[in-house]
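Numbering of ligands and ligand atoms starts at 1, following listing order. Note: hydrogens, waters and symmetry copies are ignored here, and every other heavy atom, side chains too, is used. The structure displayed is predicted, hence computed values, not measured ones.
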Amino acid sequence: MESNSPGAVLPYFSIAGNDYEIQLISQGYINDTYAILHKGTPAYILQRLNTAVFSNIDTLMQNIHHALPYLNDENYQQISLISTVDNKAYLRINESEYWRLMTMVPKSIAFNTTEDEGIAAEAGRIIGKFHSLLQRAPIKVFKDSIPRFHDLSLRTLQFTEALGNTSSEQLKTAEKAILFARMTLDEFRTYNPGSLPLRICHNDTKLNNILFDKQHKKALCLIDLDTLMKGYFHYDFGDAVRTIVNTVPEDEKDLSKITFSENLFEAFVDGLCENSDFLTKAEVEYLAVGVKLMPFLHGIRALTDYLQGNIYYKVTYETQNLDRCLSLFAFTKKAQEHMDYMQEVIADKF
Ligand code: GN1
Ligand code: MG
């Protein structure tokens, strides 16, 4: 079904005037995102939600609705949703076309990568703040918008199924990645986070989902709340660390450039320690596991999608998922090599 254009849906939201400029933001693998500018200044973010990935938009939006009041704090910049002219939180055109509009935080910036320890520390601090604020929210009202999103056993099952259904040609092209996945799954045999406390997690805490104040580089808030649902803290820790201590993008093709910067790791942990009273001893002991788990999970998901013919992530060329997997696996390896180091730093700082 042909979708409406962003310009055609904008008047359905409660905003004044009509002289807006619309720019496509091509980042992100799931939704279609547009910046809405007013007289040259970014004012709103308009998104068409991906209903193939998010089968229950109502659940997703309810989770955000439940969380927002708890994120209202003088040390946290709250994002607000702009309702539609008929006072709905989002615009539903039909079962596969949903749009939502949000305010843009003025004078803010996001970074895809960083080499700045100040930014790493601020990222840690704001993730801790996000969790301490949401700790007060009643976890029961949050429903899973994507059930078992970071569940390794589900991702393993999907990977195994994809292996059985793919072509021999693809098996050959992805040979190295498949081997690494098998070896690493073996290493995760004893992984069992079941006894850790469930928290309301962001579940996509990559660095570019954190907004910073442009001038002072102070972290303001987390954006992209689509995957806000129950999870374990080491998910959010691992996702942030994988995108901060690696100073190149997660789809870097030159694997020799993939790094694990110890200075950035230590800065991030220092920042987190400013807001980490809520963490239990068992969670602290699991943090380092999150750093090898998250890139591996994303890698195996990308590999699975490559094997099944790129049906989940938006890709711009045929082997993009495989390239992203190789890059994520290369970082997983770095994390594996840094396990003892991370445990020591964490034991020392917490
Ligand atoms: C997807 O589209 P984006 O960038 O918000 C994915 C995340 C990954 C991310 C990048 C619902 O998020 O899990 O971290 O790509 N989101 C979903 O790897 O699958
Ligand atoms: Mg996301």
Should the proximity of R324 to ligand 1, defined as any heavy atom under 4.0 Å, be assigned to the side chain, the backbone, both, or neither?
-> side chain

D224: its N/O/S atom lying closest to the Mg ion (ligand 2) (atom name) = OD2

Hey, does I300 have a side-chain heavy atom less than 4.5 Å from the side chain of C325?
-> no

G28 heavy atoms, cut-off 4.0 Å: which ligand 1 atoms fall inside?
-> 2 (O), 4 (O)

Answer whether the closest heavy-atom distance between the side chains of F237 and Y286 falls below 4.5 Å.
-> no

Under a 4.0 Å N-O cut-off, is there an ion pair linking E175 with K172?
-> yes

Taking only heavy atoms of F54, which atoms of ligand 1 are found under 4.0 Å from at least one of them?
-> 11 (C)

Is F149 in polar range of ligand 1, meaning some N or O pair under 3.5 Å apart?
-> no

Hey, does Y313 come in under 3.5 Å of ligand 1, counting only N/O atoms on both sides?
-> no

Atom 3 (P) of ligand 1: which of M294, K206, H150, Q27 has the nearest heavy atom?
-> K206

Counting from 1 in the order shown, the ligand 1 atoms closer than 4.0 Å to a non-hydrogen atom of H298 are 8 (C), 13 (O), 14 (O)

Which is the closest N/O/S atom of D204 when seen from the Mg ion (ligand 2)?
-> OD2

Where's the contact between I30 and ligand 1, heavy-atom distance under 4.0 Å: side chain, backbone, both or neither?
-> both

Can you find an N/O atom of Y312 closer than 3.5 Å to an N/O atom of ligand 1?
-> yes

Can Y235 be reached from I30 by stepping across I, L, V, M, F, W or Y side chains whose heavy atoms are under 4.5 Å apart?
-> yes

Between Y232 and E283, is any pair of side-chain heavy atoms under 4.5 Å apart?
-> no

If you measure every N/O of Y29 against every N/O of ligand 1, is any gap under 3.5 Å?
-> yes

Where is the nearest protein heavy atom to atom 13 (O) of ligand 1: which residue, which atom, and how far?
-> R301 NH1, 3.1 Å

Any side-chain donor near an acceptor of the partner, N275 and H131, under 3.5 Å = no

With a cut-off of 4.0 Å, which atoms of ligand 1 are near a heavy atom of D204?
-> 3 (P), 5 (O), 7 (C), 8 (C), 12 (O), 14 (O)

Indicate yes or no: at least one non-hydrogen side-chain atom of R199 is less than 4.5 angstrom from one of L134.
-> no

Lys/Arg N to Asp/Glu carboxylate O, E187 vs K292, below 4.0 Å | yes

State plainly whether the residues R242 and E250 are in salt-bridge range, i.e. N to O under 4.0 Å.
-> yes

Is it true that D73 and K129 make a salt bridge, defined as a side-chain N closer than 4.0 Å to a carboxylate O?
-> yes

May I ask you to check if ligand 1 and E250 share an N or O to N or O distance below 3.5 Å?
-> yes

Centre of Y29's six-membered ring, under 6.0 Å away, within 45 degrees of the axis: is that where NZ or CZ of R324 sits?
-> yes

Near R242, which atoms of ligand 1 are under 4.0 Å from a heavy atom of that residue?
-> 14 (O), 18 (O)

Residue portion contacting ligand 1 (non-hydrogen atoms closer than 4.0 Å) for D224 | side chain

